[in-house]
2 protein chains.
Amino acid sequence: MAANSQFAMAIHVLTLLARSGEEAVKSEYVAGSVNTNAVVIRRLLSQLNQAGLVASQTGAFGGTRLAKTPDAINLVDVYKAVCCGEVFALHGSPNRDCPVGRNIEAVLCNLQKEIDSSVTVALARYTLADVMESVEHA
Amino acid sequence: MAANSQFAMAIHVLTLLARSGEEAVKSEYVAGSVNTNAVVIRRLLSQLNQAGLVASQTGAFGGTRLAKTPDAINLVDVYKAVCCGEVFALHGSPNRDCPVGRNIEAVLCNLQKEIDSSVTVALARYTLADVMESVEHA
DNA sequence: TTGAACTGTAACTATACTTGTTACAGTTAT
DNA sequence: ATAACTGTAACAAGTATAGTTACAGTTCAA
C-alpha cells in the first residue's frame with residue numbers, strides 16, 4: 001500500500017473533474033472511481049487546491065471543480081503540487097576528510113537538478129486536455 | 001533515514017573504486033568515505049556486481065574493483081542496477097465501471113514510460129569518467 | 001595447516017512514509 | 001433546524017530503507 005501513487009491519482013481525479021465541467025463533484029464520487037477512501041481523495045484535493053488547480057465548496061451540495069480550463073493545467077503543475085520533485089535523493093553526510101566524499105555532494109546535486117529538469121521538460125509537453133483526449137480515444 | 005539514496009551512494013562508491021584503479025578496495029574503507037556501515041556498502045556492491053559493474057574478491061587482502069573502465073560505465077547502467085526505474089508509480093485498481101477509471105491506467109502507463117525514458121536519456125549523457133572529472137575539478 | 005582478513009548474506013531493530021479508516025468540527029443549501 | 005458536504009486530526013497497518021550484529025565461506029601468508 002505504500003507506493004506514492006499520488007501523481008497518478010491526481011491525474012485521474014483531475015480528469016474526472018474536467019469531465020464534469022462547472023458542476024462540483026463530491027469526494028465520495030471521486031473515491032468510487034479511484035477505488036479508495038473519500039478522505040484520501042480530500043487530502044489529495046487539498047494539495048491541488050493549494051496549488052490553485054481546483055476549487056472546493058463546503059456545505060450541502062458542495063464539492064470540487066477545476067479552477068482552470070483543462071488546457072491551462074500543465075502536468076508539471078500537477079507533479080509539483082503532489083510530488084517532492086526529486087527523482088533520486090542525495091545520501092547523507094559523506095566523509096569530508098576524503099577527496100571524493102568532500103566533492104561528491106556538489107557533483108550529485110548538479111546531476112540531480114539536471115535529471116529533475118529533464119522530467120519537468122518531458123511533463124511540460126502535456127496538459128490535462130491532452131490526457132482527457134487520450135482517455136476518450138483509448 | 002529512509003530516503004532511497006542508493007543511486008547517489010552508488011555513484012560515490014564507484015568514483016572511489018575508479019580512483020583506486022586495479023587495486024581492490026575494502027568495504028570498510030568505502031564505508032568510511034560514505035560514512036555508513038560496511039554491510040550497507042557490501043549490499044550495494046552486491047547489486048553493482050550483479051549488474052557487471054564491479055568485481056569482488058573474497059578472502060584475505062580481498063576487496064572490490066571496477067569491472068570496466070570508468071568511461072565504459074554509463075550512469076544509466078548504475079541507475080538501473082540500484083533503482084526501480086520508475087519516477088512515479090501507478091495507482092491500484094481504478095473502478096472499471098467508470099469511463100475514466102477504465103482507461104486512465106493505459107494512459108498513465110504510456111506517460112510513465114515516456115517520463116522514465118526522459119530520465120534514461122538524460123543520464124545516458126554521462127559516464128563515471130565524467131563524474132570523476134567533476135569531482136576532481138570541484 | 002593454521003590463523004587472520006576479507007566478502008556475502010541472513011536476521012533483527014529503528015525509523016519513516018503512504019494508505020486506509022474513524023471521528024468530528026465547520027460550512028452551506030433547503 | 002437539519003441534512004449534506006468539506007477539511008483535517010488522529011490512529012492503525014503495511015512496507016521500504018538504513019543500520020547493526022552475527023556468522024558461514026573464501027583466500028592468502030606465515
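Computed over heavy atoms, backbone and side chain alike; hydrogens, waters and symmetry mates excluded. Chain naming here is simple, since letters A, B, ... match the order of the sequence lines and numbering starts at 1 in each.
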Quick note, Val39(A) side chain, CB onward, closest among dT8(D), dT28(C), dT20(D) is dT8(D)

Under-4.0 Å side-chain N/O to phosphate OP1/OP2 contact, Thr36(A) with dG20(C):
yes

Please check the phosphate of dC28(D) (OP1 and OP2 only) for any side-chain N or O of Gln57(B) closer than 4.0 Å.
yes

If you check every side-chain atom of Phe61(B), which of dC28(D), dA18(D), dT8(D) has the closest atom?
dC28(D)

Contact class for Glu28(A) (heavy atom, under 4.0 Å): base, sugar-phosphate, or nothing?
nothing

Counting only side-chain N and O atoms of Ser56(B), is one of them less than 4.0 Å from OP1 or OP2 of dG8(C)?
yes

Of all the choices, dA18(D), dA5(C), dC6(C), which nucleotide is nearest to the side chain of Ala60(B) once you look at every atom?
dA5(C)

Whole-Å distance separating the CD atom of Gln47(A) from the C1' atom of dT18(C):
12 Å

Kindly say if Ser5(A) contacts the phosphate of dT19(C), meaning a side-chain N or O under 4.0 Å from OP1 or OP2.
yes

Does Arg42(A) make a side-chain N or O approach to OP1 or OP2 of dT6(D) shorter than 4.0 Å?
yes

Among dT21(C), dG19(D), dT27(D), the one nearest Thr58(B) by side-chain distance
dT27(D)

Are there more than 12 heavy atoms of other residues, nucleotides or ligands under 6.0 Å from atom NZ of Lys26(B)?
no

Would you classify Thr64(B) as touching base, sugar-phosphate or nothing, given that sugar-phosphate means primed atoms plus P, OP1 and OP2, and contacts are heavy atoms under 4.0 Å?
nothing

